[in-house]
Structure formats: C-alpha cells, structure tokens
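Take a look at the structure set out below.
Protein chains get the first letters and strands the later ones, always in sequence-line order, with residue 1 at the start of each. Computed from a predicted structure; not experimentally measured.
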Amino acid sequence: MSDVKDFFVPVRPTWCVGCGDYGIWNAVKMALAGLDLKPYQVMFVSGIGCGSKLPDYTRANGYLSIHGRPMPVATGIRLANHSLRVIAVHGDGDGYGIGGNHFLHAMRRNIDIVDIIQDNQIYGLTKGQYSPTSDRGFVTTTSPEGAIEAAVNPLALALAAGATFVSRSFAGDLKHLADTIMKAINHRGYALVDALQPCVTFNRVNTYDWYRQRVYKVEDETGYDPTDRMKAFAKALEWGERIPTGVIYQVEGKPTYEDQVPAMRAGLLVKQPIVSPRFAEEFEALKDAFV
Amino acid sequence: MSDVKDFFVPVRPTWCVGCGDYGIWNAVKMALAGLDLKPYQVMFVSGIGCGSKLPDYTRANGYLSIHGRPMPVATGIRLANHSLRVIAVHGDGDGYGIGGNHFLHAMRRNIDIVDIIQDNQIYGLTKGQYSPTSDRGFVTTTSPEGAIEAAVNPLALALAAGATFVSRSFAGDLKHLADTIMKAINHRGYALVDALQPCVTFNRVNTYDWYRQRVYKVEDETGYDPTDRMKAFAKALEWGERIPTGVIYQVEGKPTYEDQVPAMRAGLLVKQPIVSPRFAEEFEALKDAFV
Amino acid sequence: MPLNDMTFIIGGEAGQGVESSGAGFCKALARGGLHVFGLPDYRSRIRGGHNFFQIRAGTRPLYSHGGPPHLLMALTEEAVLRHREDIPAGGGVLYDPEHAVDAGWLKARGILAFPVPLGKIVKDAGGTRAMVNTAALGAATGLTGYDFSKVASVIEDNFRRKGQDVVDLNLKIAQAALDYVRTTFASSFDYRLEPVSGPPRMVINGNQAFCLGALAAGCKFVAAYPMTPSTTIIEFMSARAARYGIVTKHTEDEIAAVCMAIGAGHAGVRAMASTSGGGFSLMVEALGLAGMTETPVVIVEAQRPGPSTGLATRTEQGDLLFLLHASQGEFPRIVLAPGTVEQCYEAGIRAFNLAERYQTPAIVISDEFLAGAIRSVEKEAFDLSEATIDRGQILSDAELDALDGPYRRYQFTGSGISPRAIPGHPKAVYSATSDEHDEEGHITEEADIRTRMVEKRMRKLEAARQEMRAPETYGSPEADITFLAWGSTYGPLREAVDVLNRSGRKANLVHLVDIWPFPGEKVVAPLSRAKYIVDVESNYSGQMASLLRMHTGIVVNARILKYDGRALSPDYILAHLPEEVK
Amino acid sequence: MPLNDMTFIIGGEAGQGVESSGAGFCKALARGGLHVFGLPDYRSRIRGGHNFFQIRAGTRPLYSHGGPPHLLMALTEEAVLRHREDIPAGGGVLYDPEHAVDAGWLKARGILAFPVPLGKIVKDAGGTRAMVNTAALGAATGLTGYDFSKVASVIEDNFRRKGQDVVDLNLKIAQAALDYVRTTFASSFDYRLEPVSGPPRMVINGNQAFCLGALAAGCKFVAAYPMTPSTTIIEFMSARAARYGIVTKHTEDEIAAVCMAIGAGHAGVRAMASTSGGGFSLMVEALGLAGMTETPVVIVEAQRPGPSTGLATRTEQGDLLFLLHASQGEFPRIVLAPGTVEQCYEAGIRAFNLAERYQTPAIVISDEFLAGAIRSVEKEAFDLSEATIDRGQILSDAELDALDGPYRRYQFTGSGISPRAIPGHPKAVYSATSDEHDEEGHITEEADIRTRMVEKRMRKLEAARQEMRAPETYGSPEADITFLAWGSTYGPLREAVDVLNRSGRKANLVHLVDIWPFPGEKVVAPLSRAKYIVDVESNYSGQMASLLRMHTGIVVNARILKYDGRALSPDYILAHLPEEVK
Ligand SMILES: Cc1ncc(C[n+]2csc(CCOP(=O)(O)OP(=O)(O)O)c2C)c(N)n1
Ligand SMILES: Cc1ncc(C[n+]2csc(CCOP(=O)(O)OP(=O)(O)O)c2C)c(N)n1
Ligand code: SF4
Ligand code: SF4
Ligand SMILES: [Mg+2]
Ligand SMILES: [Mg+2]
C-alpha cells in the first residue's frame, strides 16, 4: 500500500498560511495513496500560479509548464506514455482564462487526464486581479468598479463541450475532495475537478465561510442521477445561494482518445523501438514510392 | 434606403464555384440593406480562411486579421467606436478551433458584436483537414482513419458560456440566413450565427443535399420558446438526422459590455478630445500624488 | 558623523509590508528635501519568504541603489542573517528582541544592535501584527534623528483611505517606537538624517512614470493580461480609467490584449498593451499584423529573467534581440528603451507619437528594475507643455469629403507613410488586411505590387531613423573607459562613472534609449572616439554589443554582464572592471 | 535539335490538376533516366485563378528552376497570356483551340502553336473535365517524342488507388492526345526528350525528404496545426502513422502543437511540431519552455512571405533573425537550414540527434520553395545506414536502479549536459519546471544557483558549436565573386555559379546549413579568402549578411535580394550581379 508520506518532498510550500491550496494538496495525496499509486506512476502537470506550484511540493513526476498550457503538455505526455496517470493541476486563470481553448478541446477529445482546477475566483500569484470565475461585481485592481463580465461556469461549459466526467468539490472538505479526485482518477477519459479554493489573501469575498454556507453534495440529494446530461446542465447552472458539489455528471464507456489512436495499440509509444527491425526494408519501399 | 448594390466592390471572389460562402455573402448584404445600413456604418472583421476573405469582396469597413483573432480585434474596434456595427465573419476552424478561447470570453462579456461562423466542418483554405465541427469518423488528410474527437457543438457551448443570442442558419437558404443575420444585428449583445456552409471542394459529406435533408427551422415548430435556456440546450444537442436552425436562444435586456464601461458613457472614445482641456490641471494633481 | 548620506535595508517576510513601508519612508525623506532611491527585492510568493527594500538617501540626485547598508531594519530573524554580513562597522541593526538575534556577532564586527520591542509596541498601542513595519519606521526615524512630522504626514496620506482611526493608530505606533528609541539609545547611532531645503519632488517608479506619459499622450485604451513586472501599468490605468475616460481591459490572454489594442488603434484611438517577456511571446504574431496593416499600437515590455517563467519577480535585459526581430517577415517597428523615470515618462509620450507618425507598432522596453525602483525627481521633469501630440498624417473630415476617387489607404508615397482615414467616414471605407494588399487594401499576389508594398513599408524606417536620437554621453569627455549601455542600467552606470571620475579616472558612458531603427551613425560618433569600450548589460550574452557590431562593426573591448536576476549596482560594475582598465 | 535539355510550363486554374500533372510528368521523365526539377506556383485560393508548374529536364543533376520555357502547356487562355512573352523563338504553345489563343501573335515571334482539342479528346474518351491535364501530358509526350510507356507507368501508379477503370480511362486519354499530336504535328517541334540510361531516381520535395529523415530518425510524435507550406509534413506523417507506429495530432492551434510535442519529448519519445512563420510566432513562448526545461523537441518552420499572413502560398527567407532570437531570455537552441532535398533528409535525422544530445529545441528552417519544389535525386542519397541515432545521455534502467541519492535532473556538469532519465522509473522521479530551478528541478531564486544554471545551459552551446559543420563551398577555388547563401537558395546559386564558371568567370558560393550556434570560425575561413562577397537572399534586408557581421565582423560587398514571393532563379541572380563584378 502506498501512503501519503510517499509523496513527501523536503520543500516547504510557499503558500500563504490558510490557503486553500493546502487542502487540495493534501486531498490529492490522500487520493493517490487511497488508490495505491506510487510517485513514479503519476505525472503532475501544472501551469503558472500559486496552485500550480503543487508539483514542486509533491514527490511524483512533475512538469511545471507555462501559464495556461498544462493541458497540451499533459496530452503529449499521455500520448507518449499512457501508463502514467496524468493529473493536470492549475488555477482558474490558468485553466479557464488563458488556457480556455485547450480546456475545450481536451474535453471533446476525451483524453484520459484528470484536470484539477484550483478555483479561487482570483489571480493569486499576480496579486489579486479578477479571474474568469470571479462573480459579476467583484472588485479587484483590474476591475476597480466591479467585474462587468458574467463569470465562466466551468461545469456548464464542460457539459457543453462533451466532458465525460464533471465534478466540483471544496478545499475545505478534505474527505469529499479526496473522494472526488479518486473518482476522477478512476474515470476513463477526461475528468474535471473544479476545486473551490479560498484565497485568504486576495479574495475576501469567497472565503471558507462563504463556501461552507453554500456548498452541498449532489451525492446527498436523493435521486440525483449524474448520468443525465440535461439534469446535470440544470445542476451546473446553480450558483449563488446554493452551490452543488460532487460528481455532477459522469458517462462511462465512451472511448478515450488513447483508445482510438492506432499507433498506441502496440503498447506504450515510449517503449517502442526507436526504429523497428524491419524498418530498413520499409525504408526502401518508402523511397521507391518516389521513384 | 440602402441596397445590396451599395456593398459592391469590383473584386471577384476567389471562392470555388458553388461554395456556400457565396450564400453567406449575399445574405449578409441582404441583411445590411434590409436594415438600411450604409457601408461606412459597418465594420467587418475576419480572420484567415476561405470565408474570411468576405470583407475583401464587400464594400464596407473591414479588417482581415489573423487566423483565430477576429473577436479580440473586433472587440477593440467596438470599444473605441461603438457607433460601428461590428460583424465578425470567419470559419469554423478560425472561430471554434484556434479562436476558441476568444469565442468563450466574448460571449460572457456580452460585447455587442455579431459573430458569423462559416461552418463548413472543414479547413477549406488549407485544403481539407478536419475541423472542430467535423463529425466523428470524418476522413481527411489529418484524420486518415476518421476523426476520433467529438465535434464541437457551438450552440451548446454558446449557451453554457452565457451568450445572449444563439442562432444557426444555412447558406443554402438565403432568406432564412439573411433573416437570422438581421435578428443578430438587431440584438443588443453578443450574437452567434452558426452558418452551415457547404464546401463543395473538400467536404464531400456535408453537402447542400446533406444539410437540406436535415435542417428545420425552430420558428416553424409550434411553441418553441427561444427564451428558455434549458429548452435551448436540449435543442442545441440535436445534431444528426435533424438539425435545428433559427434563433435557438435569445435573452434580451442583459447589459452589454459597452453599457457598463464608465469611459464609454461620455460618448464614442474615438470622438473624445485626445487630452481634455482640464488635463493640465489634472496632471498637476496626478504628479502631486507622488510627492 | 555622516549626515544625510546613508543606506537602509528593510527586510522581512512577504506580507509584512516591507515594500509599502520602504516606499513610505522614501517619500518621507523626499518631503524633507532629500534625494532618495528605493529598490524592492521580492520573491515570487505572496506571504513568507524573505523580501527586502533598499533605500538610499542623500543630498545629490541618486540614480541607483548600491553601497553597504548602514541601518538594517529587520522584521524577521532571517532578515538579520541575510544582510548582516553587508553592514559596515558603525552601522546598526534594528530588530525585535523577540527574534533570536546574535547581538554578540554584531558587536564583534562593530555593528550596533538596536533591539526594539516592535511587536510589543504595536500590541500595547492596540495594533495588529501587520503594523510592525510602522513601528520600525518610527524607530528608524528616532535612530537617525529625522523629522518625525515628515514620516507622520506620509502615514496620514497612506492610511487616509482607511479612515482616521487607522491613521491615528499608525501614528501612535510610530510615535511610540520613536520615543522608545530616543529614550533607550539616545543618539548612539552615527548616521543622521535631517531635512534640507529643496523643491517638492515626486518619488516614482518607471511604470508609474510611463503611465503619466501615456496619460499625457492621450492614451485612451489599455489592454493587458497581468504579468509581473508589467501588471502595475494596467492596474494604475484601471484605477484612473473612469476619471480620465480611458477604457482598460484585463483580457483572457495576451493575444487578446494586443489584438484589442490593435483593433482600438485601427479605429482611431491611442491604444497600448502592456506585458512582460512571456506575454510578449504570445503577442508576436499580432505584432506582425500591426506591421502589415500599418496600425499604430504601443506595446510595453517590462523584462524579467528568462527563459520561460524564469525568475518572475526579478530583473534582466534578456529580450532585446528578440524584440527587435520578433514575428515572421520584415516590417518597420520602433523600439525605445528608457533608462530613468524621466525617460519613462518621455517614452510614454514619444511611443504614441512615433507609432502614429509611422503607423507601426512602437515597443517600449523596460525591466523589473526600472519598472519597480523608485526615485525622487523634480516635478518639472515631467513637463506637460513639452508633451506635444503628433498624430501623424490623418485625413480630416474635410479632406475626406473633398476626396475624389477611392480612398487609397496604402498609397505609395515617397516617405512610405500613407495618409490614414479613421473608419466611420463615408469616404474612408476600406479594408485593412494581413495578406499582402494593393494601395486600396485589397488582397493581391502580384509580384510587382508586393515588391513595391514591401519597399513602401520599409521606407518608413528611413525617416524614423533620422529622428532617432543619439545616445546620451555622460562623464569625462576624454575618457579612458567608455561604458556602453541601454535601458535601465543607466543609473548604476552613471554612478559608477561618477565614482571613477571623482577618483581621478576618466570614464564616460554612452547610453541608448532610441534603439530601433538603429541610429547607426549617431552611435558610431561617440564610440569612435572611445579608447576602451565596456559593454554593461543585465544579460548573459551582451546583446547590445552584438547589435552594435551587427550595425556598425564596432567591437567592444570587454563586457560586464550579470544574469542572476538582481540589478547591476555601481559597486558591482566597479568591482568587475576588466583587468586592462582596473 | 536540342535533346534532353528543356523547360516546360503547365499553366491553368487551381483545381485543374496543374501541380499533380506536373509532378507526374517529372516522375515520368525521371523514370527515363533524366534529371528533373519541378516548381509549383500557386495562389492562395482553391479553385480558379492562375497556377503553373515549371519543369526542367536534363541529363545533368538540376538544382533549380529557371530559364525560358520551351513548351507551354496551357489549360486556359490566361496561361497563354501570362507566359507567352517568356517563350523563346522555336518554343511552342500547346493549347486547346476552344480557347481564344492568338496564334498570329505566337507565329510572329517564331513560337509554334500546337492547338490540340484536349477537351474534346477527353470527352470522346468518356472522361471528365478534371482529366484535361492527362490529355495535355499525352500531347506533350507526343510533341517531344518522349517514351510513352514512362508516362503510362506513372498514370498507372497515380490512379491505381482509384481503380483500374480510372487508370484505363486516363491511359486512353493520354494515348489519344499523343496520337493526335503525332499525326497532326509530326515532328515539327525541335525540342526532344528521350530516355537515357541511369539509376532509378526519386522525385521528391523538401517536406517529403525531411519526413523520410524524421522516419529514419525514429520520430514517434508529430503535432501540427495546418499552415502552408508546412501542412504536407503532418499530412505525410499522418498518412503513414498507423503503419509506422507514430502518433500524429492535428491540434486546436500551434501553441497546443508545440506543447504536445514538448510533453511527448519530455516523456521520452522523439517528437516534433511543424509549422510556418505565423504558427511559429505562436510557439515562441513554449520554445523557451523547452529551453528552460531542457526538453528535446524538433520544430520545422517552413517560411513564407510575411509580415503576417503575407503571401500564403509563396516563398521567402524572412524569418532567420526571428528564429534565432525568438522567446524571452537566453537559452541554447539549434538551427539548421537545409538547402537541398538531400540536406532536408539529413536535417530530419540530425535535428533529432542534436535536440536529444543537447536536450534543447532544434529548429529546421525551410521555405515554400524548398518545401514544395521537386527534384530527381539518387536513392543512395538517402542512406539509412548513415542515419545513426544518438539519443544523447539517457540513463538506462540499470543506471537508475544503481543510483544512490536523489536523481539530479539538472546536475551541473562540465559540458552543461545533464543525464536525462525518462519518467516512469521509480528512481527517476523529479519535476521539470519553467521557473529557474536547482539541480533536482525544484524552484529556486538563489542568485548563485541561478547564475550557475544559466551558465550550465549556455555551456551546451560550446560543444554544439564545435559540431556545427562548416559551410559548403562550391565553385572556383580562386573566385573573384563569392556568393553567400543559406537554406533554399543553394540550388539557384549553384547553377548561377556553374554558368559563371563555364563562361570563364571565377565564382563560388559559401552556403550555410548549420546556422546556430553560429560556427563563426568555420564561416570566416572560406570568406576570408573571398575577394568580393555577394549576399544572396530571398528577403528584404539581407539577414544572413547581418548575422555574419554580428558574429564575424565581415561585411559583404553587395547583396542580391528578392522579396516578391517568387524563388530566386539562376537567371535572376546573373541579371542582378552588382556592377563591380558584372
Ligand atoms: C503568458 C503569461 N502571462 C501571464 C503570466 C503571469 N501570471 C502568473 S500566474 C497568473 C495567474 C494566476 O491566477 P490563477 O491561474 O488563477 O492561479 P492562482 O495564482 O490563483 O492559483 C498570471 C497571470 C505568466 N506567467 N505567463
Ligand atoms: C496562426 C495560423 N495558423 C495556421 C494558418 C493557416 N490557415 C489558414 S486558413 C486555416 C483554416 C481554415 O479553416 P476555417 O477557419 O474553417 O476556414 P475555411 O477556409 O474553411 O473557410 C488555416 C489553418 C494561419 N493562417 N495562421
Ligand atoms: S495568494 Fe491566495 S492563492 Fe496564493 S498562496 Fe496566498 S492564499 Fe493561496
Ligand atoms: S475550398 Fe471549400 S470553403 Fe473554400 S472556397 Fe472552395 S468550396 Fe468554399
Ligand atoms: Mg486563481
Ligand atoms: Mg471551415
């Protein structure tokens, strides 16, 4: 059995005391240990932001990429070595802002990657500008009169874009978050985990209390059927007094991207011989096609 | 009254004979004439692609930008001069592929721009690669075994992203398309027109006939209520034997982005004096804040 | 007893207000007629870690940080450990005895220990831990014998927004710390500060100065995606947007930012996008769009150390050759690299004029050092009456009305500049296009038109090159050592040159602000007289030296390069003089 | 009677198969032992307009297009009007009398008119309009007396996929046109072609040759977003992906393309992204990511004329300085600019070896001319046994098993190269990061580590510079004129040099393939002997000349530059020789 301690590295996080990123960090490690995954079997891919530093603090394969680009980097890694459990972990600005296009296309691809968004409704690392998930009216240095855009609704978008697993959890509820991440890892195909994450320094509106007063678990709702896309869409539109968490939508059995790539049927791309033994022959045929 | 002829320029389109782009071109001109708009009141902004050449063939203000970027260029134009009727016109690759992130964010912004997508489910100008709206299984040079991604559903995405006007029409039905574009122009806020556009050269699947056999008008459906977002979402998910066209969703009265920008209340930005008469005074105060 | 010539360091964790109190203290000193230079040093984290702020104060204009700190104001133990080695004998450390500071270590080196119970003072006054820096300010005021009323006035200004209670509380804390120090240490500290007479000076950093220039130039549109060290530009402009009738837009990414600015520029307003290197990388494609469509747009690039994310909150001059050649194909651009806050202000104005005059992108290149370091500067240095606005060739409504024949947006002209028409006029209807186009703007593939259109665009560089200004030469006319520099290294080099010349050496510097189109002859002139050229840059490869050789053939004799993310200081330059000229 | 030395032009609308029939004819000629060079010229439109294809055939290896067309195969009236002025007396025009061709005009200039009812022949044979080009091929075969069996064999190969019926129909049409011409015009045309003995040669373009190299190198991952003239790379690889176990991905944009390639490279496979200038502009930020994380990745940039969208289907060498300096900050990269199809093949192999050896991005720069022009070349030129694969320093599983202590991915080493471990091994657990990092890969801001890490990375350039190859020198050793070139201009220049030397002049050329790290001394060597250097480039500013001066101080004597989007030809070069050496 692996243990959360297996993921320990002697580097102290630079997050502010009380930051929701600690919760996400702990939940991820709990989930990995819970699934008996070892550090070398996992690859974290992050972008840039407070939360994106997570791989630096966690013993596992990691790639801290550039702002907004973890999804394509993760996709390349996964296609080259689909034995790795690839987990993207990045902020709301990273994932839904600058990285929005990759978000869209990863979902319709159904690439088997867990996508954890540290959703603090703010830009943390750049010191407090409004983010795509900031609510209308939210005052920051780049929205001094209050944000005048409607917030991105990640769950609704995910449903529209064809995601096969759509979930939300809360950094203040470690168990539920770890649980949700476990489900996401177990899901075959793209899995979104929108993790509500208080930023204690710059977001004085969406605090632990604010979230706590609002979140509820769809799992606790009798009869909620996460396989019904229309119901899930209605659920996804809820935001305000009540904020649904849990697995909002999951459809199983859809082929992953990896399942469908011919070259990946032979096994891991990275384990294939760099040139096949019969390549010399093939090469003559290749050249002959030009003669 | 203006007339379609007002939009004539002596440049012959380079589109293939029979291309659906002719239909869109004619419909746009009909819509403008129908609304009595003059060439100087309109600004077309396009990207790169076959369809994106439309502004070159049309007498009106135009900006043929780069691939995927018409929306932000159009947004900048509109914010600087919101007396111009800004119409973005670009391909499905341009708008939903490389430009997907701008698409998302323009919608939640509710910027008052008409966004016409020439949706031929293929990359025309680069000679026939599959596009974001290509159906699963579609065979092209970059999908030789058939596309293995789910197609983007632009209408569903638009609904999830908060668009206030979501429509679809067909280049083979000039009247309906012109009509839809007129409604889009009249709408205050972002308006999507997904224009199904046969590419007679590279898309041998989604032909005029293929579309004709499938499209129907929601306007013809008794009781269809385009103000109901859930119903609209269900409608948006229809694709296959039957393809809905018309105004799928419209909600009126939401403030546009322009409505909410303080600096734009004084009138057109471009008409403001470059520095205000009292600026000299203000400037002293500005400097004094640093003393 | 050294009077009015000293260096402080305030050190502590992120979140302890190191930067704000440093800046506040600078302002208090400037209000006393002193000259100041203040340099923040902070990490890419929001809380914790070790940040510090260096302050130099003097009676002559200061252009740089540097020199040993005479007083360390340590808000943490780590601050002491990090900086104590640099403190000269006779200097002092002000700290809270709550922290385990090895006073013996200090004393053994002749450094004075000033334990002040900052935390307790704050607590007793009823303040919160975030106010410890206020206590430290009060204590430092006491130690140096500075005029408390100057510090008090800054506290008042800074906290006014938060209400009189907060003002009073901070004043009380500062006063209590000051009293404690005065009673406990009397005047045991040698370094003294006192107000002198002098005009009121601004204390301002490069980003702020640039913004004042942009406001003076009538900039109406600012789009950006946050990125250190450029973020404070969009923040500054956003805070003032409603008042000055400016539209600012925090966009979804940098591509959108520059495209929106291009759109706004095309529609006829003065528009800019601000970013740092990584964001600029994303703007590269659209830069070429502006070049091709001849759209005026200003882009500010505040550099930080790369490659890639690099050191997000630190400084470097690593992007010069990148900016000069960015984007596919060839097209004119303007590149300015201001080196002082005065030049930042001026660049804010000139960039818009040049962009509109040549209908092309104008890039202002700065860096974290210039963007964030504050300096005292005369208010007159930012002179509005010199801020002439030249929008270049724009057809008036009357001229358009009188037009017969089609409007030719890209008319072939001798200067390469084609008169612009602002869209919206019935006679100004045309399309701008990123494809090669003819005079009217229509797409063309004809070889002849293509050739002429390339030449027309590139011709604009000739006039622009003429108006690029010669580098500034500073120092001894008969120099044995000539330093070559661009952008933010001006200040440290200027001070190094002064030190050398005061010590009997003959040194000068040649500093470029106007970089592109490269004013070759004007650069050759001062350098051809140079006996020994030392290229000084905050990068690894000496990019200006490369550029110089490329355009003039001049080869520098030596290079002083630094690429650890920290700004070059006069001391560093002097310590690294090449053997030949040591 | 000129035998086996002639130039054709096939001209018609987009969609008429001008390019495919041109390529087919080239192959037919090569099958007869002749050397060929074929150059497509097409517009950025899918149907209509005027496209043409130039074919040169000869008995010596051909390196370029150029020279007057002896036979114009005109599928449209416009084709005649566009090209007739270029045809020399004694040349001919083959056209369909359906088109209003002014035969008198031709005759007056000694040009032979060969009206052939192509449309009717096709119709009579039961073909469709798309087969008119087949008729033209048959007719040209007849006029030149060439061996029809060669043409027939190509028709068979090309149409086999479509079924025997289609093959037969096309053969019938070609034969009918041939018969028509033989009967109608007998042997009235002077220019003749006939098979000679020779080895079977490939007829191949630069993109295809590069792909063969990449396949030979074991490239396993290709990501791209379509962009002319690079699109045929991803298309070629996609068509063969299943067979060769390659993953190809048409991505949502170029940012994703290069990031996926970087991810795949990081995971341990040989990976590349292919694009053109506009797409490369979007890859700039991630280029630095690969530099910082020391991830091997190959990027192919097939240039087209800019700025911006420019001339989408044409050629230019405008991106050199951009590629060399792209992305913020400083980091090592490799840049190769092959000039022939052989060099493209070789670059396909070397780029992967260099990228992995130096753990850094390797950029292969080509252009539309090189990417699309086809040439006959010996099969042996693409030698697999010379394609040695060197993956650089990768720790084996055994080495990793034996590791004690943590794995230090970014270990400081003398060469700057740190042994790589492929993720997935229990001992190889580490994070790569775009922030500055320590030896283990953890984020750091320490000045000392930063400095050493910059130096470690940059040190890799030293060994790489050593293995960069000297430019190729071709021509007279005692040259009075030395041409300087890089990339695709090799061919036209080589032919120009031959012409000069044959005419008694003494000329040579110095051509760089290995561009970065700039092999300074190796470039100086041949140029220091040069009497008069003429820089020849397909761009406006002479970027190689600038680079040369920057790195060696050598100033070229003159420049021949072309920027109309059309490839430089030997004739153009000779016609534009500077006065001094004319
Ligand atoms: C291309 C680019 N643009 C901007 C930045 C600056 N930047 C760093 S983190 C960040 C946003 C942080 O917000 P988010 O992604 O929500 O992460 P958080 O810090 O809130 O966890 C930005 C804009 C960057 N690193 N790269
Ligand atoms: C940055 C960039 N990448 C790629 C291209 C090449 N390109 C031109 S048009 C096009 C796609 C065309 O498809 P679509 O947008 O659907 O327009 P259509 O031609 O089908 O109308 C592409 C990839 C480009 N011009 N710029
Ligand atoms: S700034 Fe906010 S998100 Fe960043 S570490 Fe601090 S609390 Fe967390
Ligand atoms: S290729 Fe397709 S989209 Fe392009 S012009 Fe032809 S038919 Fe229209
Ligand atoms: Mg965030
Ligand atoms: Mg399309």
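Between A/A160 and B/N153, the closest heavy-atom pair is O-CB, 4.4 Å. Residue A/H105 comes nearest to B/G97 through the heavy atom pair NE2-O, 3.7 Å, listed as atom of the first residue, atom of the second, then distance. When all heavy atoms are compared, the tightest approach of A/R136 to B/Q260 is NH1-OE1, 2.8 Å.
Residue B/P132 touches chain A through both its backbone and its side chain, counting heavy-atom pairs closer than 4.5 Å. Using a 4.5 Å cut-off between heavy atoms, B/F103 makes no contact with chain A at all. Neither the backbone nor the side chain of B/A236 comes within contact range of chain A, judged by heavy atoms closer than 4.5 Å. Contacts of B/I111 with chain A are absent, with no heavy-atom separation under 4.5 Å from either backbone or side chain. Looking at A/A158, neither its backbone nor its side chain comes within 4.5 Å of chain B, counting heavy atoms on both sides.
For the atom pair CG of B/N110 and CD1 of A/I148, the computed distance is 10.5 Å after rounding to the nearest 0.5 Å.
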For this session: Go through B/V152 and A/L104 one step at a time and tell me if the side chain to side chain contact (heavy atoms under 4.5 Å, CB included) criterion holds.
Result: CA-CA 9 Å; B/V152 158; A/L104 279 190; over 6 Å; no

Exercise. Going through the checks in order, is the side chain to side chain contact (heavy atoms under 4.5 Å, CB included) test met by A/N101 and B/H102?
Worked result: CA-CA 8 Å; A/N101 205 28; B/H102 311 305; over 6 Å; no

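Contacts with chain B were tallied for A/A150, A/A156, A/G99; A/A150 has the most, counting heavy-atom pairs under 4.5 Å. The residue among A/E149, A/R108, A/E145 with the most heavy atom pairs within less than 4.5 Å of chain B is A/R108.
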